[in-house]
Structure formats: structure tokens, C-alpha cells
2 protein chains.
Amino acid sequence: MSTVKSKNSLNPTLVVDRALEIVDAEGLDGLTVRKVADAFGVTPMALYWHFANKEALLAAVGDAVVSSLRVPDEGLPLEHYLREAMTSLVDVMRAHPSACPLVAQQIMQAEVGRDLTERFLDKLAIAGFDVERSSAVAHYAMQIAMTLVSREPGAELAFKPEDREAVLERKRASLASLPEDRYPRLRAAADAMIECPNTDEYYADGIAIFVAGVMADARALAQA
Amino acid sequence: MSTVKSKNSLNPTLVVDRALEIVDAEGLDGLTVRKVADAFGVTPMALYWHFANKEALLAAVGDAVVSSLRVPDEGLPLEHYLREAMTSLVDVMRAHPSACPLVAQQIMQAEVGRDLTERFLDKLAIAGFDVERSSAVAHYAMQIAMTLVSREPGAELAFKPEDREAVLERKRASLASLPEDRYPRLRAAADAMIECPNTDEYYADGIAIFVAGVMADARALAQA
DNA sequence: ACCTGAACACCGTTCAAGT
DNA sequence: ACCTGAACACCGTTCAAGT
């Protein structure tokens with residue numbers, strides 16, 4: 001967070017990088033035009049020369065994160081292509097969990113996002129999905145990837161590191177206070193539901209369930 | 001939006017109802033302590049007698065929506081129980097799409113949410129899912145139901161009804177400008193990806209895919 | 001017990017002005 | 001071309017005071 005100040009010190013790329021740092025450190029709601037300006041030792045209004053408004057800045061942050069997405073190999077069959085695409089999306093988002101909603105919002109504005117989706121829609125069509133169904137499945141895939149990352153158990157407590165343990169403890173106590181005879185499963189699951197015990201497994205399983213569901217649909221269409 | 005004003009006109013139930021109306025009409029970001037106060041012809045600070053802060057008010061709104069959830073019949077087998085539970089969740093949320101995140105946040109604070117989850121975890125355990133996996137699946141189900149509703153194609157444009165058509169048209173134009181030879185599937189899918197052509201089908205398919213994925217897991221566990 | 005009034009530290013953004 | 005300064009219409013919230 002060093003304060004850089006010189007003539008023409010502000011350009012969109014630098015601003016977006018700084019903004020992403022702030023989002024990572026303080027969450028999406030923690031990003032403020034004034035904070036970005038301060039980080040550059042500049043007046044808030046200086047940013048309005050480079051971006052039309054805050055919305056445009058957020059979109060640019062989304063674009064920046066999306067750009068590191070990779071398109072799975074064209075030759076892969078539907079099942080593996082879908083798994084690879086979702087894994088790639090999840091990986092990109094896990095690098096900047098707070099920016100997830102921006103990624104979901106901007107993915108179609110990026111060439112890599114369009115290419116990935118076009119190929120996916122094509123494979124779905126070949127597997128027998130009609131246009132409406134393919135569109136829905138592509139939409140589910142994107143949104144589920146985002147949800148997995150941005151709502152990973154315990155992720156909502158990523159900020160205010162002092163409070164984090166306190167909030168965790170409060171949730172734990174709340175579940176522990178439930179009557180054992182009525183909520184035995186909930187009590188046993190408490191720890192796992194509050195904080196993800198194995199994040200890699202959490203993502204792999206989430207993706208696997210969705211992929212299996214889509215493939216069940218594909219099989220049903222194949223024999224119809 | 002009539003202005004009610006009398007001695008002791010403010011009580012938590014009335015305030016929550018009003019707040020939910022505002023959320024429905026203007027979205028979650030449109031809900032403001034000051035707006036709620038205005039609706040009652042009262043000073044913003046009056047609300048702080050009944051709620052600790054805005055967060056507590058939002059939680060109460062979430063509780064109110066959750067309360068209309070119903071627990072599926074205990075006797076149902078896993079597959080049907082899961083489908084019923086997600087359908088019930090989706091129905092409750094579709095009544096107040098902007099309040100979805102509050103529902104997801106508060107569901108475990110409500111008896112009906114805990115009962116629904118306890119039974120689901122029990123059925124998963126009987127089907128062979130270990131604690132960690134059951135917890136993850138319960139979490140996926142909740143979050144996916146929420147995502148289906150709050151990110152239904154076109155839902156993000158639910159407010160500012162004047163701008164709505166303009167934004168839709170801008171998105172449509174953006175996809176229509178893509179080269180036909182390179183993005184044929186994307187162009188064909190444009191309408192369906194921008195605005196949901198059949199919402200009931202969209203939800204039924206989304207739920208069906210997740211249920212099928214979980215059942216594939218269950219079968220794999222059964223024969224292991 | 002329940003609400004008001006004034007104040008504080010924040011927001012995004014406009015518009016005119018400086019260099 | 002790029003940035004500043006002052007101002008506006010908002011936020012959530014504290015704290016002391018009224019009834």
C-alpha cells in the first residue's frame with residue numbers, strides 16, 4: 001500500500017491492480033473510490049478521468065481476473081470438458097474469492113470466456129441438448145462455480161481477522177446448544193458446516209456432483 | 001407505502017414487514033435504515049430501539065422469509081426428499097428474490113431450517129455419506145437453491161424498470177455483434193442466456209441436475 | 001419505555017476550475 | 001490531458017436529551 005505520486009501516475013492498469021488488492025484484503029464492500037485514490041495519493045475525483053464511475057472500475061477488476069482463465073482443450077468429450085472448465089473457473093476465482101461476483105458478471109465480455117462457452121454449448125448441442133437447455137446448463141455451470149467459491153463454508157468471515165475466531169465460536173456454540181436427541185446429525189456435522197475441513201475435496205465434490213447430473217441428462221437425451 | 005404515525009407505532013414485526021417490502025421493491029442495496037424510518041414517519045434512530053443495528057434488521061427479514069419454509073415428509077426416500085426440499089426452498093425464495101442471501105444466512109437459525117437439514121443429513125448418512133460429505137452436500141443444496149433464484153438470467157435487472165429494457169437491449173446487441181462464423185452457438189443461445197424463457201423449467205432442470213448428481217454419488221457409495 | 005436532534009465519519013458523484 | 005477543490009445528497013451510527 002505504498003503511496004505512489006508523480007505526474008501522470010494514474011493509469012487504468014495500475015488502478016485496477018490496486019483495486020483488486022483492496023478487494024482481496026477488505027472484500028467487495030471494502031472497495032471504495034476514496035480508498036483507491038488514497039493509495040495513489042490522489043483526489044477521489046482523479047479516478048473519474050480514467051473510469052466513468054465506480055461500476056466501470058468494478059467491471060475492469062472483473063475483466064482483469066477473468067483474463068487468467070484458460071479454455072479447456074477442444075478435443076475433450078463433454079464430461080471432461082465440463083469438469084476442466086469448471087475447475088479452471090474455480091481456480092481463477094479462488095485466487096480472488098471476493099471478486100467472484102465480478103468474474104461472473106464480466107465473463108462474457110472476455111474473449112476467453114466467450115470461447116470457453118461457445119465450445120461448451122457446441123458439445124452440449126452435439127449431445128442432444130436443445131438451445132434452451134444448453135443455455136441453462138451453461139448458466140448453471142458458471143453460477144455454481146461462483147457460488148462454490150464465494151460461499152465456501154467459513155468464507156464469509158474472511159475479513160476482520162480479529163473477529164473471525166469470535167464469530168466462528170459463536171456459530172459453533174449455537175449448534176452445540178441444540179438438543180442432542182433431536183439434532184444428532186446436525187451436531188455431528190457442525191464443524192464441517194461452519195468451516196470447510198478440506199477445501200480441495202469440497203470443490204472437487206461440488207464439481208463432480210454437477211458434472212454427474214449433467215451427464216445423467218445427456219444419457220437420457222441419447223436414448224430418447 | 002402509507003405513512004403510519006402514532007404513539008408506539010413501531011414494533012419489530014411491522015418494521016420487518018416494511019423492510020421486506022422495500023427489499024422486494026428496490027433490492028437489498030435499496031434497503032436503508034432511513035427509508036424504513038421514513039415509511040413510518042419516524043426518525044432513523046427510532047429503529048435502533050428495536051434493532052441493535054442494520055445487520056440485526058436484515059437478519060430479522062431473513063427469519064421472516066424462512067418461516068414460510070415447509071419440511072418435506074419424513075417418509076420420503078433421499079431422492080424425493082432432496083427434490084422436495086430444494087423445490088420448497090426455491091419457492092420460498094422466488095417470493096422474495098432479493099432477500100435470498102438473507103434466507104441462506106438465516107436458515108439455520110430457524111427451527112424449520114434445522115429440522116429440514118437434520119432429516120436430510122440423516123438420509124444422506126443412511127445412504128452411506130460420511131459426515132464431511134453429508135455436510136458438503138447439504139451446503140451445496142442450500143447455496144445452489146439460492147443461486148438459482150438470485151441469479152436467474154435477467155434477474156439482476158429487476159429494478160429501475162425504465163432502464164431494464166435498455167440494459168437488456170445492450171446485452172442483446174453485444175452478443176449479436178459477435179462474428180457468426182466463430183460464435184454460432186453463442187448467438188443462437190443469446191436470448192435464452194439474457195432472459196429466462198421458461199422460469200419454471202429453469203428451476204426444475206437446475207434442481208433435477210443437482211439431485212441426479214447426488215444420486216450418482218449415492219449409487220457409487222452403495223456398491224463400494 | 002420509546003423516540004428526537006444534533007453530530008460524526010463516512011459514501012459516490014457533479015461541476016467548475018486549475019495546470 | 002490530467003488532476004484539484006468545494007459542494008451535494010446520501011449512508012450507518014453515537015450520544016445526550018426529551019417525554
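Below, read A as the first sequence line, B as the second, and so on, with proteins coming before strands; counting in each chain starts at 1. Note that this is a predicted model, so its numbers are computed, not measured.
Residues from residues 45-58 of chain B placing a heavy atom under 4.0 Å of any atom in DNA chain D, listed by number, are B:Met45, B:Tyr48, B:Asn53, B:Lys54.
Partners of B:Asp91 according to the salt bridge (charged side-chain N to carboxylate O under 4.0 Å, His left out) rule, which considers only residues two or more places apart in sequence or in another chain, do not exist here. Scored by the ring-ring contact (aromatic ring centres under 6.0 Å, His included) test, A:Tyr48 finds no partners at all (sequence neighbours excluded). Take B:Tyr81 and apply the side chain to side chain donor-acceptor pair (under 3.5 Å) test, not counting sequence neighbours, and it matches no residue.
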Symbol by symbol from the 5' end, with Watson-Crick or G-U pairs under 3.5 Å, [ ] crossing and | another strand, DNA chain C is ||.|||||...|||||.||
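Separating the NZ atom of B:Lys35 from the C1' atom of D:dA9 is a distance of 13 Å, rounded to the nearest angstrom. Distance CG (A:Leu31) to C1' (C:dG12): 12 Å, rounded to an integer number of Å. The interatomic distance linking B:Asp29 (CG) with D:dC10 (P) rounds to 16 Å, in whole Å. Taking atom CZ on A:Arg34 and atom C1' on D:dC3, their separation rounds to 16 Å, with Å as the unit. Here the P atom of nucleotide C:dC2 and the CG atom of B:Leu14 are 13 Å apart, to the nearest Å. Rounded to whole angstrom, the span from the CD1 atom of A:Ile22 across to the P atom of C:dC11 amounts to 11 Å.
Smallest separation of non-hydrogen atoms from A:Val66 and A:Val112: O-CG1, 3.8 Å.
Between the side chain of B:Arg83 and the backbone N or O of B:Val211 there is no donor-acceptor pair closer than 3.5 Å.
Two residues are said to be in side-chain contact when any heavy atoms from C-beta on lie closer than 4.5 Å; A:Pro184 and B:Glu118 meet this criterion.
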In a table with atom names and distances, give each donor-acceptor pair under 3.5 Å that connects a side chain of residues 192-199 of chain A to protein atoms at least two apart or in another chain.
{"unit_1": "A:Glu195", "atom_1": "OE2", "unit_2": "A:Arg164", "atom_2": "NH2", "d": "2.4"}
{"unit_1": "A:Asn198", "atom_1": "OD1", "unit_2": "A:Asp200", "atom_2": "N", "d": "3.3"}
{"unit_1": "A:Asn198", "atom_1": "OD1", "unit_2": "A:Glu201", "atom_2": "N", "d": "3.2"}
{"unit_1": "A:Thr199", "atom_1": "OG1", "unit_2": "A:Arg94", "atom_2": "NH2", "d": "3.3"}

